[in-house]
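Here is the structure we will look at, set down as structure tokens.
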Number of protein chains: 4
Amino acid sequence: MREDYIVNTEERELDFVNVFELEQEAASCIPKSGYDYIRGGAGDEWTLRQNIAAFNNKGLAPHVLSGVTDPDTRMSLFGVDLTAPIVMPPIAGHGLAHGKREAATTEGVKNFGTMMSLSSYASTSFEDALNGKTDPYFFQLYMSKDDEKNKEIMDEAIENGAKALILTADATTNGNREADIHNGFTYPFGMPIVERYLEGTGEGQSLTAIYAQSKQRIDAKDVDFMASYSGLPVIVKGIQRPEDALKAIGAGASGVWVSNHGGRQLDGGPASIDMLPDISRAVEKKVPILFDSGIRRGHHIFKAIASGADVVGIGRPVLYGLAMGGAKGVESVLSYFKRELEMVMQLAGAETVEDIKNTTLVNHIPHV
Amino acid sequence: MREDYIVNTEERELDFVNVFELEQEAASCIPKSGYDYIRGGAGDEWTLRQNIAAFNNKGLAPHVLSGVTDPDTRMSLFGVDLTAPIVMPPIAGHGLAHGKREAATTEGVKNFGTMMSLSSYASTSFEDALNGKTDPYFFQLYMSKDDEKNKEIMDEAIENGAKALILTADATTNGNREADIHNGFTYPFGMPIVERYLEGTGEGQSLTAIYAQSKQRIDAKDVDFMASYSGLPVIVKGIQRPEDALKAIGAGASGVWVSNHGGRQLDGGPASIDMLPDISRAVEKKVPILFDSGIRRGHHIFKAIASGADVVGIGRPVLYGLAMGGAKGVESVLSYFKRELEMVMQLAGAETVEDIKNTTLVNHIPHV
Amino acid sequence: MREDYIVNTEERELDFVNVFELEQEAASCIPKSGYDYIRGGAGDEWTLRQNIAAFNNKGLAPHVLSGVTDPDTRMSLFGVDLTAPIVMPPIAGHGLAHGKREAATTEGVKNFGTMMSLSSYASTSFEDALNGKTDPYFFQLYMSKDDEKNKEIMDEAIENGAKALILTADATTNGNREADIHNGFTYPFGMPIVERYLEGTGEGQSLTAIYAQSKQRIDAKDVDFMASYSGLPVIVKGIQRPEDALKAIGAGASGVWVSNHGGRQLDGGPASIDMLPDISRAVEKKVPILFDSGIRRGHHIFKAIASGADVVGIGRPVLYGLAMGGAKGVESVLSYFKRELEMVMQLAGAETVEDIKNTTLVNHIPHV
Amino acid sequence: MREDYIVNTEERELDFVNVFELEQEAASCIPKSGYDYIRGGAGDEWTLRQNIAAFNNKGLAPHVLSGVTDPDTRMSLFGVDLTAPIVMPPIAGHGLAHGKREAATTEGVKNFGTMMSLSSYASTSFEDALNGKTDPYFFQLYMSKDDEKNKEIMDEAIENGAKALILTADATTNGNREADIHNGFTYPFGMPIVERYLEGTGEGQSLTAIYAQSKQRIDAKDVDFMASYSGLPVIVKGIQRPEDALKAIGAGASGVWVSNHGGRQLDGGPASIDMLPDISRAVEKKVPILFDSGIRRGHHIFKAIASGADVVGIGRPVLYGLAMGGAKGVESVLSYFKRELEMVMQLAGAETVEDIKNTTLVNHIPHV
């Protein structure tokens with residue numbers, strides 16, 4: 001770890017009103033280059049902003065007289081019971097946010113009661129990230145150009161009890177994240193999991209350089225390879241078109257993850273939530289749909305599920321929680337979203353996640 | 001009443017140009033925590049802002065050569081003659097605004113010539129609120145979990161001459177009103193009407209705590225219970241979907257009140273006026289439609305009625321009037337809206353409220 | 001004239017880049033209460049702003065290779081040849097802007113080569129306004145409640161050579177012009193033409209007071225009365241609905257003037273240009289269509305004509321020209337619009353006003 | 001060259017993050033009147049802004065699992081191989097930006113590996129502009145009113161090896177570029193190519209004056225004349241309507257250039273990219289489509305090609321590069337766009353320019 005990159009190591013519960021305010025607070029807790037890396041998006045950040053704004057145009061009119069009194073957010077995914085339809089998505093380098101790195105995230109996620117996703121660009125090894133336990137987790141693979149290395153990594157993921165593998169399909173090169181260019185951002189630490197295929201550890205390298213050392217040519221065969229070799233469910237992440245969802249399923253995917261990488265890869269694309277309904281219709285419930293990009297409110301979770309998602313991922317806000325309070329901060333943020341979702345379910349008249357799926361949204365043009 | 005919460009006790013007529021300016025003035029007249037409570041909405045206040053902005057996209061093109069010269073705003077509701085299609089909606093805790101509390105509102109509303117709605121979360125008893133008289137009023141019930149208590153409260157409402165009961169259906173828990181969280185808002189006084197089912201008087205309690213002590217599980221059976229027990233017309237308030245309007249009517253409601261609680265409950269929903277036309281078509285004039293959420297202008301009233309409402313409620317502006325001028329202030333604000341409506345009727349070519357109902361609006365996309 | 005209302009009396013040609021900048025300059029030339037009166041609109045000024053912004057969403061894609069080289073803006077209206085499809089609309093109280101009042105406007109309009117419209121709320125008599133000559137002009141009538149007075153006024157208009165009468169139908173009461181309320185605006189001079197039916201001269205009276213002394217009950221019979229009595233063509237001004245255009249024509253109107261009074265009467269209505277195409281289709285070229293409300297650019301004139309207008313009125317900008325340069329200022333502003341129109345015709349590929357009428361516009365949603 | 005107009009003469013590679021920042025930097029490198037001339041648009045600059053903003057509403061959802069690893073931007077135009085689907089469009093007076101004028105642009109464009117377009121309003125002769133070589137270039141003709149002069153100019157273009165001629169059809173007079181009017185902008189140098197038909201050299205003349213000395217009456221016969229006389233392909237530039245594209249092709253055009261002159265001519269028109277799909281459908285691949293107006297990002301290039309363009313022109317950003325770094329600056333800017341395009345192709349799943357053409361965009365309304 002570079003000496004000039006100093007992060008918080010505190011463990012504490014967080015008290016905050018909304019995650020926009022949390023983001024403001026996190027800005028003074030995380031070193032600038034790391035904060036900008038976490039917060040930023042590609043290009044003009046149009047897609048990043050649209051991801052969030054689009055939820056407002058999915059109008060959620062409440063169902064009243066519905067007799068709801070104690071909303072139940074529980075559901076299960078790939079046989080694992082989750083306390084809420086919220087999972088931790090795979091994110092590189094949690095060490096940018098907190099001294100305990102991925103280990104703190106894993107602990108917070110476990111205490112909250114949901115699924116961790118471990119990125120292959122993690123700033124810790126499997127063992128450290130998982131605290132030596134086999135808590136339920138997904139493992140996300142940025143592939144090596146050498147399939148033997150990929151097998152080695154998958155072996156390690158399996159040994160550590162991964163419930164599924166995630167293939168990130170929307171990041172075969174780096175988006176033009178301009179804040180990182182301005183800051184000359186490089187990782188202040190190495191990446192133990194993919195170190196076996198990097199030149200050096202990754203420390204001091206830009207994300208662009210690291211992507212360049214990973215495999216760029218990702219296609220349907222990679223899905224098949226990962227599924228066949230691992231025997232685990234493979235989730236393809238970064239789906240933005242119905243035909244790609246079907247392609248992934250045809251290639252053996254057991255889940256599709258609708259995402260535009262939080263607006264970090266290809267700017268100028270539509271809001272992720274705007275692509276979800278068509279993808280959901282195409283998938284026809286053959287496999288679960290995970291969704292991320294833009295979730296900042298309880299009603300966003302509700303609307304994503306009402307639009308066809310089974311579960312959502314929440315990235316940046318959880319990293320802010322990690323930065324400010326370690327494992328307890330992670331749990332605080334996830335709990336905040338669960339409380340917001342419960343409030344929305346109560347007000348909207350949905351007692352269960354299944355009720356959310358049966359809720360119709362009102363598309364409308366915003367008034368200005 | 002907490003000593004640190006000091007309100008105006010003045011009685012005076014108000015002279016103001018529009019209610020946006022009135023809101024600004026009220027901000028320096030009401031203690032900050034009370035002002036924020038009254039003004040604020042849930043979450044990002046998207047729905048609060050949309051409620052108002054949406055009226056602009058309902059284009060009101062005038063009918064000229066219509067021979068109108070003296071518009072008549074009178075109408076009747078549940079057999080009571082009203083000077084204008086404007087009623088006072090039920091609002092908790094008028095004591096936040098003025099020392100004479102609900103009594104001043106009732107007096108101002110009566111002098112103006114329309115219907116008062118008394119909230120069960122009022123800061124005064126029935127007797128005080130109604131000035132010991134049986135002025136025409138509706139009583140709004142936040143139900144106790146114990147139906148015997150509800151019967152007691154309804155008995156008291158009936159004894160005091162209520163013309164109808166209002167069941168608020170969209171507030172089975174508190175919305176995330178973030179200004180209140182920031183301010184640590186609690187009521188500076190008790191709530192005499194529901195004190196019989198609260199722990200303590202309500203003084204020093206947050207709205208969230210008070211909602212939690214009321215009944216959350218509201219369904220169609222509650223409509224039937226209230227109607228059967230009281231023998232009074234029951235109006236279900238907080239309707240935002242056509243199917244819910246029909247559900248309420250099917251359960252015995254004598255009126256539906258289209259409202260999203262002024263954007264105070266579920267943020268991220270559509271503007272209330274945007275849901276009105278479909279609801280009105282579904283209701284097919286079987287029962288009167290009351291409407292609120294976003295009325296700030298005479299043309300808003302006109303457009304709500306042209307979209308299917310029979311009468312509108314105006315909340316925040318009247319509370320500002322109460323805060324600044326007591327009963328006279330209340331009357332000033334209601335009179336302002338009547339004058340604005342008359343001007344709009346004259347210019348739009350509508351001589352009666354019935355003419356308003358027969359006016360077609362032009363939906364259009366705003367130009368930016 | 002009140003001593004505290006001091007206007008410019010200068011005569012000069014104006015050099016300005018666009019009328020938005022001209023408006024800024026005029027603000028320091030006209031006394032504040034008069035400037036606000038001229039510039040302002042009703043209510044939130046939504047309609048005033050939409051009137052202008054709406055033109056952008058009528059996309060004018062040029063026709064190239066059209067061989068245009070010397071666009072010809074001439075046309076004729078009611079048998080009078082005009083140098084451009086631009087007329088002076090009727091506006092009250094030119095004395096608010098310049099010491100020579102309507103006389104300067106008439107002179108500037110004549111020198112430019114188009115039609116003057118004289119308001120019955122003019123700040124001068126017929127004789128003074130027309131400089132004792134019978135230049136082509138229209139006379140606009142705000143009717144007295146007493147038809148004998150109306151006959152007297154029409155007699156005087158006829159004697160002075162009016163080519164047509166204008167019945168303003170959209171101003172049967174005053175709009176809520178809030179700047180005027182804030183300023184306590186009253187006319188600093190009398191109104192010689194309607195003085196015969198006012199109490200006093202009009203000096204020191206608000207517009208609301210003056211409207212109240214005029215006839216509010218305007219209907220189809222008034223069109224017939226004016227046409228029958230005068231034998232002149234009658235133009236009904238303030239049409240915003242197709243059915244009203246047909247009503248006016250059915251009652252004997254020889255022209256319809258599509259206008260929302262520049263957003264000064266009923267706020268919350270659509271942009272005037274948005275209503276024009278439907279009205280034009282309904283009128284089916286039976287009578288000429290005059291148009292105003294929002295014209296600030298050459299392409300606005302082009303688009304109004306391409307949307308069905310025969311000629312446009314330009315109000316506020318001409319008054320600013322009057323204020324700053326008297327008759328020469330008026331001519332400068334009208335000439336500016338003619339030059340802008342010629343430029344647009346040349347670039348858009350329209351050689352004549354007829355070519356403009358045959359140009360199709362592209363409706364599109366603005367990008368933000 | 002006027003002594004008071006002092007430009008940069010430096011040669012250097014440029015390092016910049018995006019062209020919006022480059023524009024900011026260029027503002028302090030180019031004399032104000034020249035910068036305003038280059039940056040500015042007509043009228044309110046609505047069309048200029050829409051040109052850029054419109055690209056966001058053409059949603060580019062990525063195709064993943066597409067196996068792309070090394071995007072290939074090469075294509076050919078009129079038999080000339082280009083390194084990317086980007087050409088230099090014709091722009092007057094490069095001497096406004098840099099001391100080496102068009103010569104530096106030509107060199108930078110050649111080094112990048114694409115096509116130069118030389119404007120007849122260039123600030124240098126053919127010889128100087130082309131560095132005495134016959135690099136591939138197009139020659140753009142602003143016609144003289146005297147066809148003999150046009151023949152002379154075309155002869156010279158042919159002698160210097162022009163691959164095609166460009167007829168600019170959308171500039172038969174000057175747009176109302178208000179910044180130029182405010183600045184009293186005149187060219188600080190002469191225009192050697194068209195000097196043969198100007199009074200004087202052009203130095204000290206406004207663009208309006210220069211346009212007035214060129215031919216205004218441009219029609220289909222001019223296309224035929226240029227094609228017949230020169231034997232070269234003629235590209236008609238400034239097409240904004242499908243019927244005009246067909247008219248040009250019918251008159252002998254070998255290419256159509258969809259453009260609204262970067263919003264510099266007719267303000268109030270649609271974004272150029274919004275007109276492209278219909279034009280492309282009409283052209284049915286009979287001739288190549290060139291496109292410009294609003295390209296500032298790699299995804300803009302991608303979207304233009306996906307909307308029917310074969311190649312795009314990039315004007316202002318290249319001029320900023322010229323201003324700041326001469327030939328090397330030009331090459332830096334073009335290389336930036338190539339890199340951005342490659343990144344977008346990689347992320348969007350398009351390996352070749354043909355793949356881009358086969359990509360479907362998602363039209364959507366922006367969320368605000």
Side-chain angles (χ1 to χ4, degrees), chain A residues 42-44 46-47 49-58 167-176 178-179 181-182 208 215-223 236-244 247-248 251 253 260-261 265-275 278 365-368, chain D residues 15-22 52-71 273 294-304 306-307 336-351 356 358-368:
Chain A
D44 298 308
W46 162 268
T47 297
R49 289 190 301 274
Q50 292 289 298
N51 276 342
I52 299 170
F55 284 105
N56 283 325
N57 301 138
K58 303 269 176 186
L167 173 63
T168 298
D170 64 357
T172 61
T173 190
N174 194 19
N176 54 342
E178 303 193 342
I181 301 173
H182 278 294
T208 302
K215 186 176 182 182
Q216 265 99 51
R217 188 188 298 275
I218 302 293
D219 61 20
K221 289 188 299 289
D222 296 295
V223 181
V236 180
K237 180 167 177 285
I239 300 291
Q240 288 286 288
R241 290 188 183 257
E243 60 268 39
D244 288 1
K247 194 180 192 179
N260 58 28
H261 217 112
Q265 290 298 104
L266 183 58
D267 194 38
S272 192
I273 185 70
D274 282 335
M275 302 310 291
D278 279 354
I365 293 174
H367 305 291
V368 290
Chain D
D15 190 24
F16 59 92
V17 171
N18 62 51
V19 298
F20 302 105
E21 294 180 15
L22 183 71
I52 299 170
F55 284 105
N56 283 326
N57 301 138
K58 303 270 177 186
L60 174 52
H63 273 296
V64 296
L65 301 179
S66 55
V68 173
T69 188
D70 193 15
I273 186 69
I295 301 283
R296 299 294 185 275
R297 284 280 182 197
H299 69 86
H300 297 176
I301 303 174
F302 191 108
K303 289 168 177 178
S307 299
Y336 163 84
F337 277 104
K338 179 165 177 284
R339 282 197 312 275
E340 275 245 326
L341 178 58
E342 286 166 344
M343 177 200 71
V344 173
M345 290 173 74
Q346 175 68 29
L347 292 174
E351 189 120 36
I356 302 176
N358 292 327
T359 304
T360 309
L361 302 178
V362 183
N363 282 291
H364 60 99
I365 293 173
H367 306 289
V368 290

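The basis for the numbers below is simple: all heavy atoms, side chains too, and nothing from hydrogens, waters or symmetry mates. Chain letters run A, B, ... following the sequence lines, proteins first and then strands; every chain starts at 1.
- When each of A/R241, A/M275, A/K247 is checked for heavy-atom pairs under 4.5 Å with chain D, A/R241 comes out on top.
- Qualifying side-chain hydrogen bond (donor to acceptor under 3.5 Å, both in side chains) partners for A/T208, counting only residues two or more places apart in sequence or in other chains: A/N174.
- For the set A/A53, A/G268, A/G269, the count of heavy-atom pairs under 4.5 angstrom toward chain D peaks at A/G268.
- Atom CG of D/N18 sits about 6.5 Å away from atom NE2 of A/H182, to the nearest 0.5 Å.
- If you measure heavy-atom distances from D/K58 to chain A, the contacts under 4.5 Å come from the backbone alone.
- Contacts between A/A248 and chain D at a heavy-atom distance below 4.5 Å involve backbone atoms as well as side-chain atoms.
- Scanning both residues, D/A61 and A/P270, for their nearest heavy atoms gives N-CD, 3.9 Å.
- Top candidate by heavy-atom pairs under 4.5 Å with chain D, chosen from A/R217, A/E243, A/Q240, is A/R217.
- The parts of A/A54 that come within reach of chain D are both its backbone and its side chain, each placing non-hydrogen atoms under 4.5 angstrom from that chain.
- Heavy-atom distances place no part of D/E342 under 4.5 Å from chain A, backbone and side chain included.
- Residue D/D15 qualifies as open at atom CG: its count of foreign heavy atoms under 6.0 Å is 12 or below.
- Proximity to chain A (any heavy atom under 4.5 Å) is restricted, for D/V68, to the backbone atoms N, CA, C and O.
- Within the 4.5 angstrom heavy-atom criterion, atoms from both the backbone and the side chain of A/N176 approach chain D.
- Residue contact with chain A, scored on non-hydrogen atoms closer than 4.5 Å, is absent for D/F302.
- Note: D/R297 leads D/R297, D/E21, D/H299, D/R339 in heavy-atom pairs under 4.5 Å with chain A.
- Between the CE atom in D/M343 and the OG1 atom in A/T172 there is a gap of 11.0 Å [rounded to 0.5 Å].
- Atoms OG1 and CG, on D/T69 and A/D219 in that order, are 10.5 Å from each other to the nearest 0.5 Å.
- For the pair A/N57 (side chain) and D/H367 (backbone), a donor-acceptor distance under 3.5 Å is absent.
- D/L65 pairs in a side chain to side chain contact (heavy atoms under 4.5 Å, CB included) with only one of the listed residues (A/V223, A/D222, A/D244), which is A/V223.
- Exactly one of A/L266, A/T173, A/D267 qualifies for a side chain to side chain contact (heavy atoms under 4.5 Å, CB included) with D/V344. That residue is A/L266.
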